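Quick notes on the structure that follows.
Computed from a prediction, not measured in an experiment: that's the story for all the values here.
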Amino acid sequence: MFTKTENFIGMTVAVIVFLVILSFIVSMFIFISFGIIYLLSYSPFIEFHYFSSFWHNVWYFFGFLLLNALVLGLSEIVVFIDRKNKKINSLEDISPSNFIEWIKFIIIFVIYMNVFTLISDRLDATILGSTLVAFSFVFFFFVVGKIIDSIADDEKDKIVSS
């Protein structure tokens, strides 16, 4: 049906479009990560020392974002391991489901953020400031998770109704 050249061009375009979309999504998360720190730095509890180069700041916030996502994922796994019911039917089953699990989840992330501010030479924050950053990121990832769940539910409804 298609020649090898057409298949190669089609796959090349598909890979380029995928990379553009992926870089857009990652850049949005980096921008939001920067925005959280930037807005919270107006409070007297947080001070951020920016790099002189724009790209150093981008790489710093990219690493900060990846580390936050990793710790949030690990804290979800720790909360799930501590749970009595260990059945997984969907990804939503791993996330905290009751108030006590949410408190454990947030405490793990607050401890991580306080340790991160002690180690980081760029982010200076008090304990209250680190807690504000932790709550902001947990809230942000919670909202993103709910948006993804609603999109997945809409897709599931479209498949069922077809």
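At a threshold of 4.5 Å between non-hydrogen side-chain atoms, the residues W55 and V58 count as touching. Contact of the I127 side chain with the T117 side chain is not registered, since no non-hydrogen atoms from C-beta on lie closer than 4.5 Å. At a threshold of 4.5 Å between non-hydrogen side-chain atoms, the residues D124 and H49 count as touching. Inter-residue side-chain proximity for V13 and V17 is flagged as met; some heavy-atom pair is nearer than 4.5 Å. Between I37 and F61 the shortest side-chain heavy-atom distance falls below 4.5 Å. Between R122 and F51, some side-chain heavy-atom pair lies under the 4.5 Å cut-off.
Of the inter-residue distances, the one linking W59 atom CH2 with F62 atom CZ reads 6.0 Å to the nearest 0.5 angstrom. Distance check: L72 CG to I106 CD1 gives 10.0 Å after rounding to the nearest 0.5 Å. A distance of 10.0 Å separates CD1 of I103 from CG of N98, quoted to the nearest 0.5 Å. In this structure, CG on N7 lies 10.0 Å from OG1 on T12, to the nearest 0.5 angstrom. Once rounded to the nearest 0.5 Å, the distance linking CD1 of I30 with CD1 of I25 reads 12.0 Å. Rounding to the nearest 0.5 Å gives a distance of 7.5 Å between OG of S41 and CG of L39.
Sorted by first and then second residue, the pairs that involve residues 96-108 and meet salt bridge (Lys or Arg N to Asp or Glu O under 4.0 Å), not counting sequence neighbours, are D82-K104, R83-E101.
Both F99 and I107 are members of a single hydrophobic cluster when ILVMFWY side chains are connected at heavy-atom separations under 4.5 Å. In the hydrophobic clustering of ILVMFWY residues, with side-chain heavy atoms under 4.5 Å counting as a link, I111 and V133 come out apart. Under a hydrophobic-cluster definition in which Ile, Leu, Val, Met, Phe, Trp and Tyr are linked whenever side-chain heavy atoms come within less than 4.5 Å, directly or via other members, F54 and F24 are assigned to different clusters. With hydrophobic clusters built from ILVMFWY side chains whose heavy atoms lie under 4.5 angstrom apart, I100 does not share a cluster with I77. Grouping the Ile, Leu, Val, Met, Phe, Trp and Tyr side chains by contacts below 4.5 angstrom, directly or via other members, places I32 with L22.
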Indicate every side-chain donor-acceptor pair of residues 135-144 with a distance under 3.5 Å to a residue at least two apart or in another chain.
from, atom 1, to, atom 2, distance (Å)
S136, OG, L132, O, 2.8

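A tilted orientation is assigned to the rings of F109 and Y112, their planes being inclined by 30° to 60°. A parallel orientation is assigned to the rings of F64 and Y60, their planes being inclined by less than 30° (bins at 30° and 60°).
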Output, in order, the C-alpha distance, side-chain angles, deciding distance and verdict of side-chain contact (heavy atoms from CB on, under 4.5 Å) for F116 and I119.
CA-CA 5 Å; F116 180 81; I119 295 171; 5.8 Å; no
Derivation of the side-chain contact (heavy atoms from CB on, under 4.5 Å) call for L66 and L70
CA-CA 6 Å; L66 287 180; L70 177 71; over 6 Å; no
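With S130 as the fixed residue, the side chain to side chain contact (heavy atoms under 4.5 Å, CB included) test singles out one of N114, L123, V115: N114.
Considering all non-hydrogen atoms of both residues, G129 and I46 come closest at O-CD1, 3.4 Å.
Between F105 and F80, a ring centre-to-centre spacing not shorter than 6.0 Å is recorded.
For Y50, the OH atom sits in a packed shell: over 12 heavy atoms of surrounding residues, nucleotides or ligands are nearer than 6.0 Å.
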